[in-house]
Amino acid sequence: MQDKIQEYINNLELKKNENGLFECPFCSYTARSKKMMQNHLKGHDKEILTELEKNEKQPEQKPQ
């Protein structure tokens with residue numbers, strides 16, 4: 001399970017706010033570096049697992 005969480009964190013597209021800080025998608029935490037944000041995200045394992053479960057339940061979209 002930790003592998004899936006780490007993979008999710010590695011593939012997450014982190015966004016910067018108007019001050020140039022990375023924003024956590026789960027709380028109000030901000031960080032100057034991507035590495036600091038990735039370390040912070042490890043504490044959101046429950047939220048990440050919920051996201052992974054949601055993504056697994058959604059049927060794959062077929063291109064038209």
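Predicted, not measured: the structure shown is a model, and the values here were computed from it.
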Contacts of type side-chain hydrogen bond (donor to acceptor under 3.5 Å, both in side chains), residue H40, not counting sequence neighbours: H44
Rounded to the nearest 0.5 Å, how far apart are [atom1] of [X] and [atom2] of [Y]?
X   : Y   : atom1 : atom2 : result
K34 : N39 : NZ    : CG    : 13.0 Å
T30 : F22 : OG1   : CZ    : 11.5 Å
E47 : I5  : CD    : CD1   : 10.0 Å

Any side-chain heavy-atom pair of M37 and Y29 under 4.5 Å: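 Yes. Closest side-chain heavy atoms under 4.5 Å.
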4.5 Å side-chain heavy-atom contact, Y8 and L41: no
Pair up each side-chain donor or acceptor in residues 10-20 with any protein partner under 3.5 Å, not counting sequence neighbours, and list the distances.
residue, atom, partner, partner atom, Å
N10, OD1, Q6, NE2, 2.9
N10, ND2, Q6, O, 3.4
N11, ND2, E7, O, 3.2
N17, OD1, N19, N, 2.9
N17, OD1, G20, N, 3.2
N17, OD1, L21, N, 3.0

Verdict with supporting geometry, F26 and E51, side chain to side chain contact (heavy atoms under 4.5 Å, CB included): CA-CA 11 Å; F26 302 108; E51 285 294 312; 4.1 Å; yes
Residues that S33 engages under side-chain contact (heavy atoms from CB on, under 4.5 Å), provided they are two or more places apart: K35, M36
Side-chain ion pair, E56 and K4, N-O less than 4.0 Å: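 Salt bridge between E56 and K4, a charged N being under 4.0 Å from a carboxylate O: yes.
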